[in-house]
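Being a predicted model, the structure only gives us computed values, none of them experimental. What's counted below: heavy atoms across the whole structure, side chains too, no hydrogens, waters or symmetry copies.
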Amino acid sequence: MTYLQLDGAQGEGGGQVLRTSLTLSVLTKQPIEIVNIRAKRKKPGLLRQHLTSVLAAQAICGATTEGGGARCWANTVYTR
């Protein structure tokens, strides 16, 4: 499966990259992989609220995910 790889350390390097990427992935049905999630933060990786965003996107579009545990640095979302 072809997916778009995004660097979560780009821009402000926080959760907004994750939230925006998830939204666009759901709308376009384009699978994504996000690496270096929140890399510029004191506590890098997914926090509880970011994991909730991933789970919400998963529920909305029936996506499958890889990774995505708390404090993980990479997550792949396969949208349908």
Side-chain angles (χ1 to χ4, degrees):
M1 176 178 287
T2 304
Y3 55 86
L4 182 64
Q5 187 178 60
L6 304 164
D7 187 351
Q10 293 298 311
E12 49 98 25
Q16 189 60 47
V17 172
L18 173 74
R19 290 186 296 274
T20 301
S21 300
L22 285 172
T23 301
L24 292 173
S25 177
V26 169
L27 292 173
T28 64
K29 300 185 188 307
Q30 171 69 44
I32 58 171
E33 177 183 36
I34 307 170
V35 297
N36 299 323
I37 297 172
R38 301 183 69 250
K40 295 181 180 177
R41 300 301 183 178
K42 288 181 184 178
K43 295 181 181 179
L46 289 177
L47 297 180
R48 184 183 69 248
Q49 65 269 29
H50 305 107
L51 184 55
T52 299
S53 297
V54 172
L55 296 175
Q58 185 178 7
I60 289 167
C61 70
T64 57
T65 61
E66 292 178 13
R71 302 300 294 223
C72 85
W73 281 71
N75 188 47
T76 305
V77 179
Y78 300 106
T79 54
R80 295 184 191 158

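In plain terms, the two heavy atoms of T2 and P31 that are nearest each other are O-CG, 3.7 Å. Summarising the geometry of V35 relative to Q5, their closest heavy-atom pair is CG1-NE2, 3.7 Å, with the distance given to 0.1 Å. Contact detail for Y3 and Q30: the closest heavy-atom pair is CA-NE2, 3.8 Å.
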Expected list for residues 14-24: side-chain donor-acceptor pairs under 3.5 angstrom, two or more places apart:
from : atom 1 : to  : atom 2 : distance (Å)
Q16  : OE1    : R19 : NH2    : 3.2
Q16  : NE2    : T20 : OG1    : 2.8
T20  : OG1    : Q16 : O      : 3.0
S21  : OG     : V17 : O      : 2.6
T23  : OG1    : R19 : O      : 2.9

Self-check item: Candidate pair R38 and L47, rule side chain to side chain contact (heavy atoms under 4.5 Å, CB included), full reasoning
Solution: CA-CA 9 Å; R38 301 183 69 250; L47 297 180; 3.4 Å; yes

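In this structure, L51 CG and L46 CG are separated by 6.0 Å, a value rounded to the nearest 0.5 Å. Between atom CG of residue N36 and atom CG of residue D7 there is a gap of 4.5 Å, rounded to the nearest 0.5 Å.
Remark: Q49 pairs with no residue by the side-chain hydrogen bond (donor to acceptor under 3.5 Å, both in side chains) rule, at least two apart or across chains.
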